[in-house]
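Proteins come first, then strands; the chains are lettered A, B, ... in the order of their sequence lines, and each starts at number 1.
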Amino acid sequence: MNSRRYTAIASVLVAVLWLGFATPLLAQDTAAAPSFDVELTGDYGYHLPPNIAPEGTYPHTVDSLIDILHYFMVVLFVGWGIFFVYCLWKFRQREGHKADAKPIKAKASKYAEIVVAIFEAFLLIGLSIPAWASVRNEFPTEEENPLHLRVVAEQFQWNFHYPGPDGVFGKTSPAFLDLATNILGIDPADPNGKDDITATELHIPVNRKVIADISSKDVIHSFAIGVLRVKQDAIPGMRIPVWFEANRTGNYEISCAQLCGNNHYSMRALMIVEDQGVFDAWYAKAAEGPEEFDEDELDD
Amino acid sequence: MADSHADISKHVKLYIGVFAALAGLTIVTVLASQVDFSGPGHVVVALLIAGIKATLVAAVFMHLKWERSGWIWWPLVLCAFFFVVLMTLPTLVATESRDRAPAGTWDTIPVREAPAHSGGNAESGH
Amino acid sequence: MSASVLPYTVKPHPVTGVYSGKLGTWLFLASEVMLFGAFFSTYVLLRVGAPTEGAAVWPTHEQTHLSWKIGGFNTLVLIISSVTMVLAWAQLKMNNFSKARLYLIVTFVLAGLFLVVKLTMEYYPKFEAGIRPSTNIFFAAYFVLTGLHALHIVGGMVVIGYFIGPGASLWKKDPEYFTNRIECTGLYWHFVDLVWIFLFPVLYLL
Amino acid sequence: MSHDEHHELSFIRKYVFSIDHKVIGIQYGITALCFLFFGFCLMMLMRWQLAYPGQELPVLGKLLGEEFFPGGVMTPDFYNSLGVMHGTIMIFLGVVPLLVGAFGNYVMPLQIGAPDMSFPKLNMASYWIYLCGGCVMLASFFVPGGAANSGWTAYPPLSVTATTGQTWWIIGMVFLITSSLLGSVNFIVTIVQLRAKGLTMFRLPFFVWSQLVTAFLLLLAFPPLEAAGVLQLADRVLGTSFFLPEGLVISGQQLVQGAVPSGGGNPILWQHLFWFLAHPEVYVLILPAMGIVGEIIANNTRKPLWGYRPIVYSSIFLGFMSFIVWAHHMFITGMGTSLSMFFATTTMIISIPSVVILTALVISLYKGSIRFNVPMLFALSFLPMFAIGGLTGLPLGLPASDIHLHDTYYVIGHFHYVVAPGTIFAIFAGVYYWFPKVTGRRMSEGLGKIHFWLSLIGMNGAFMPMFFVGIAGMLRRGYDPAAYAANENLLGMVKMSSWSVWMLGVAQLPFILNFFMSIVAGKKVSANPWEATTLEWSAPSPPPHGNFEAVPVVYRGPYEYSTDDRKDDFFPQHLQAEA
Ligand code: HEA
Ligand code: HEA
Ligand code: CUA
Ligand SMILES: [Cu+2]
């Protein structure tokens with residue numbers, strides 16, 4: 001009897017010590033904190049990352065879905081947990097207490113199950129499906145003047161292909177590929193390709209919709225912009241469009257969310273959201289092409 | 001299923017009959033493949049004939065015709081259902097793969113004529 | 001504990017109506033259906049989704065070098081072997097061991113014939129002509145599907161061979177048990193035949 | 001049953017190539033526990049890299065060699081290998097063999113009053129094929145390039161272009177699948193055919209039902225993965241391209257398969273075939289665990305399981321539905337609206353039977369007389385832990401919220417709550433519960449309680465932080481979480497998780513000690529130390545060859561505790577009512 005109580009007290013103690021003290025101590029130890037080339041905009045912590053999409057677009061539905069679900073889960077778990085602990089205490093084996101084998105009528109549980117089912121149906125039909133439909137089908141129309149670009153993943157880098165001022169992408173093919181100078185394999189003979197922009201940082205204008213076609217050269221990657229709640233596998237042989245919009249300027253991270261080889265963990269890119277003016281300036285300059293590109297044309 | 005000798009010899013006749021049917025159907029399926037059906041006619045005819053043959057084999061040679069045990073039938077029904085699920089895979093994959101790139105390139109196709117998503121780079125293929 | 005001590009290895013269970021071996025064989029066949037189902041579904045997918053240009057286009061009939069004559073011949077061989085298999089069982093049921101054994105031998109020989117035709121008249125000439133599974137997506141599917149089917153044939157031959165040879169002594173000890181085992185072998189064998197009934201039109205004719 | 005057959009078997013026939021289900025069960029048990037422990041050790045290594053990225057691994061770093069630990073620091077490739085092997089070993093070599101191979105094999109025939117499995121030789125073959133598969137997996141660490149490193153999901157094209165270890169992984173998997181298939185045929189036939197007289201389907205203990213449903217899942221879901229494995233093997237060694245589209249360019253070079261760049265394949269196909277198995281597989285991991293928990297709860301509340309029939313129907317429904325939800329792992333591959341709606345709906349539907357089962361187990365506590373012994377502690381804590389794991393499955397099952405959570409540590413947290421403090425706790429519960437049956441001795445309660453409390457804290461300390469870092473966006477399979485600036489504030493929590501894992505490792509020492517000590521020095525107990533009702537307790541401990549002294553006959557349902565005014569509060573299934 002006594003030893004049982006000791007075990008119980010000891011375990012609570014260990015739990016308190018472990019979860020209460022050791023972990024905050026560890027949490028303060030950020031010795032391994034990395035130093036980065038750029039400062040990220042926004043506040044990151046043990047919660048959802050900042051959401052820079054305009055109100056009313058699908059990334060906010062994603063957030064509210066996550067929020068609502070977790071409230072729901074906590075309520076269920078706590079309610080359920082109270083009953084659980086109550087049973088453990090009230091019906092523990094002891095002198096003079098006997099089990100009662102007559103099956104009880106648990107109407108409450110049936111109602112609870114029905115409520116759960118209805119709530120799930122609501123989340124599914126009310127929130128998830130519209131949001132998903134928005135991700136998949138409600139692409140910005142041309143009247144909204146979206147920015148078009150292509151995202152081509154490769155081990156272990158994100159390549160962004162902009163059509164340049166003429167608005168038309170050059171033809172690309174592996175035949176023209178050159179790792180040093182023409183990483184997208186743009187056809188040098190295609191006039192549309194002359195002003196195309198190849199970048200490894202994603203520049204987008206603020207408050208303008210973007211349509212990106214995701215594809216991959218080699219293995220499956222996953223194009224993920226945490227702050228925009230965008231995640232789309234980049235699958236070789238397929239080309240899958242996504243759309244998004246940012247309403248806050250700054251520097252953000254793009255990550256690769258699908259295991260793609262040894263350097264998967266560091267396959268990150270920078271997303272720079274800037275004012276339309278700044279963006280236009282960058283766009284014009286980039287379209288003139290970096291030096292390597294000129295060299296390439298000289299070689300021809 | 002009955003076990004007496006007379007019954008078994010009746011079976012034997014049936015087996016021979018089924019064999020004749022199978023052989024005949026094999027010839028029919030070969031002949032049918034030479035005929036020029038339009039569209040998916042070939043596939044339908046060939047699979048139909050194969051289906052009949054398979055049914056004959058399963059019903060007679062494998063004795064399903066005489067099988068009464070639910071413990072054999074239910075797993076088979078289950079299996080048949082999941083088999084159908086498996087055979088829907090190609091459609092599932094195909095709906096996702098409509099943006100497949102053409103041979104030899106990873107990305108030169110024009111953007112598909114999606115509902116509300118076209119223009120811009122739509123003409124870029126050429 | 002030797003297997004024969006367990007109940008219902010020989011006699012059917014009074015409630016479920018089958019003996020254990022038969023139920024086991026059917027369950028095993030159900031899993032085989034799922035196995036070949038996955039292969040067929042892959043085949044359909046690759047074929048329907050094949051690109052229309054480039055190195056990966058689906059080959060035409062002429063390019064596949066598959067002769068429906070050889071395929072048709074092998075189909076007949078397998079069908080006959082299925083009949084002889086079921087006849088072997090019928091003979092055992094009629095207490096006719098020597099005839100049954102003869103049918104088993106015929107089945108075995110036909111299975112061997114199937115393999116010989118497959119190897120010498122189909123695989124070998126293709127390898128001669130430089131055709132490999134890697135040649136194109138059609139041959140990839142062709143070799144994997146027929147290769148796996150051929151392995152099933154080999155497996156069947158091992159079992160049938162066992163019952164012609166060392167396994168036959170069971171007949172003397174427990175004829176009903178032996179008959180049951182032949183029935184189960186037969187179930188498997190007909191299934192292998194059944195798979196071929198689909199493989200033949202799918203690969204050779206369509 | 002013939003008694004004239006009791007001639008002496010040689011040592012080898014009796015203990016090594018035995019066809020007795022009990023010996024095979026023990027073989028499975030010991031082998032799988034070793035694998036489980038090994039898989040855990042791999043994870044303890046990985047947690048070092050996560051907590052202290054790029055820092056030298058103390059002591060071991062040097063020992064493990066320059067190839068994988070240059071300068072004592074793990075390489076990313078090796079990290080990925082560890083991840084694959086951890087996942088594969090835990091699931092296919094640890095948990096399933098324990099739940100099905102060990103508990104299923106040992107307990108199920110006893111619970112149905114059978115002398116053995118229906119096909120004893122097949123049973124032996126299952127074990128040896130499983131062992132071969134395990135050895136192939138382990139050996140793959142020593143091939144050039146190390147073990148497979150493309151994730152336990154082995155997505156092509158990465159897996160097709162990976163090093164040799166991947167080939168070994170596939171071959172190992174083919175062995176394991178074959179073993180499971182043989183086993184499942186055997187289980188179903190045994191349960192259908194060899195039940196004792198009077199033991200109708202609805203008098204079966206819930207554990208037997210869970211084994212039956214599990215066997216069906218294994219039987220019908222595994223073959224497609226076997227097919228997919230064969231195809232991937234062909235892609236790797238024959239140069240075909242079932243899973244490779246045309247025009248792949250790897251490091252600037254066009255990929256040439258075999259002789260020519262054939263292409264024409266589809267990488268998504270693999271994912272469908274893989275998840276067609278792997279989703280039912282997760283219910284393979286949980287159903288027998290629920291079965292064990294159900295047995296122990298009924299026994300230790302001293303009252304019948306509440307809602308036996310709904311539980312049974314729910315497990316059947318769960319098994320059936322698990323075949324049509326697989327693509328919820330693939331929402332992010334670019335799935336269209338109608339498909340994702342279908343799979344999200346089935347996913348929501350499948351959560352209902354889990355809720356029913358769990359609710360029934362909790363209501364079973366009501367008006368019981370609960371004994372808090374070690375098996376019961378583990379069984380009880382299974383309930384809230386599984387609830388956490390299951391509930392966090394819901395945000396993943398809705399495609400919209402899955403956009404943010406997919407491939408983050410949230411997923412890792414979700415499924416570890418169901419498999420680790422869920423299934424592993426059920427396994428521990430089962431070990432403590434059936435140990436007296438297997439050995440005739442009981443494990444120490446004191447050591448058991450230390451094991452329980454420390455494990456409970458360790459598990460929660462390890463996995464709870466994963467939900468927070470996951471929601472914050474930290475991605476799984478990340479060799480170095482510090483590579484992303486957004487993770488900066490999460491590193492402390494990651495460290496806490498790691499320390500909890502190591503603590504959890506220490507917490508297993510009392511268990512290992514207890515386990516081996518009790519085999520030789522545990523307290524001797526009677527054949528029915530827990531005063532249980534099911535048939536296995538009517539056999540002697542350990543049960544002799546042939547299991548029962550007299551062929552058992554069953555007169556009532558499985559959980560007749562405190563049901564009438566007998567002197568004892570339990571009424572075993574095999575006892576005839578006194579008139
Ligand atoms: C045993 C294993 C197990 C179990 C049981 C489950 C159960 C569930 N899983 Fe999980 N899952 C995995 C193992 C498991 N999963 C694994 C291994 C992966 C990752 C694989 C990988 O990518 O590597 C995964 C991944 C995974 C995903 C993919 C995530 C992603 O990659 O983006 C999804 C998405 O839908 C999902 C959903 C679910 C759901 C809805 C359930 C449901 O069945 C859960 C149902 C349970 C409940 C709902 C809780 C129970 C009830 C209560 C709390 C009682 C409440 C009381 C009253 C109502 C009275 N799981
Ligand atoms: C059944 C499945 C299972 C189980 C039980 C576990 C158990 C554990 N897992 Fe695992 N895990 C997976 C399946 C499982 N895991 C899978 C599928 C993945 C994904 C892989 C991938 O990305 O491809 C994964 C990934 C994974 C990751 C993410 C890695 C990454 O993404 O980079 C982490 C990180 O912490 C982790 C941790 C743990 C821990 C701490 C445990 C602990 O709970 C372990 C506890 C273990 C024990 C307590 C063992 C006790 C045994 C004994 C004491 C034996 C005694 C022996 C004798 C008596 C003889 N796991
Ligand atoms: Cu690219 Cu991960
Ligand atoms: Cu799943």
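In this structure, no portion of Val15(C) lies under 4.5 Å from any heavy atom of chain D.
The closest side-chain donor-acceptor pair between Thr75(C) and Trp196(C) falls under 3.5 angstrom. Of the N and O atoms on the side chains of Asn186(D) and Ser118(D), not one donor lies less than 3.5 Å from an acceptor on the other residue.
Aromatic pair Phe138(C)/Trp58(C): centroids less than 6.0 angstrom apart. Under the 6.0 Å cut-off for aromatic ring centres, Trp270(D) and Phe243(D) qualify, their centroids lying closer than that.
Nearest approach of Gly156(C) to Trp189(C), heavy atoms of both residues: CA-CZ3, 3.8 Å. Shortest non-hydrogen contact noted between Phe187(D) and Asn105(D) is CZ-N, 3.7 Å.
Contacts with chain C (heavy atom to heavy atom, under 4.5 Å) involve these residues of residues 273-281 of chain D, listed by number: Leu273(D), Phe276(D). Using a 4.5 Å heavy-atom cut-off against chain D, the contacting residues of residues 26-43 of chain C are Leu27(C), Phe28(C), Ala30(C), Ser31(C), Met34(C), Leu35(C), Ala38(C), Phe39(C), Thr42(C).
By the neighbour-count criterion of 12 heavy atoms within 6.0 Å, atom CZ of Phe73(C) is sparsely surrounded, having that number or fewer from other residues, nucleotides or ligands.
Between Trp209(D) and Phe202(D), the ring planes are tilted. Angles from 30° to 60° get that label.
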Compile the donor-acceptor pairs under 3.5 Å between side chains in residues 217-234 of chain D and protein atoms, sequence neighbours left out, one pair per line.
{"residue": "Glu226(D)", "atom": "OE2", "partner": "Thr178(D)", "partner atom": "OG1", "Å": "3.3"}
{"residue": "Gln232(D)", "atom": "OE1", "partner": "Gln166(D)", "partner atom": "NE2", "Å": "3.1"}
{"residue": "Gln232(D)", "atom": "NE2", "partner": "Ala154(D)", "partner atom": "O", "Å": "3.2"}
{"residue": "Gln232(D)", "atom": "NE2", "partner": "Ser159(D)", "partner atom": "OG", "Å": "3.1"}

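Take Tyr162(C) and apply the ring-ring contact (aromatic ring centres under 6.0 Å, His included) test, not counting sequence neighbours, and it matches no residue.
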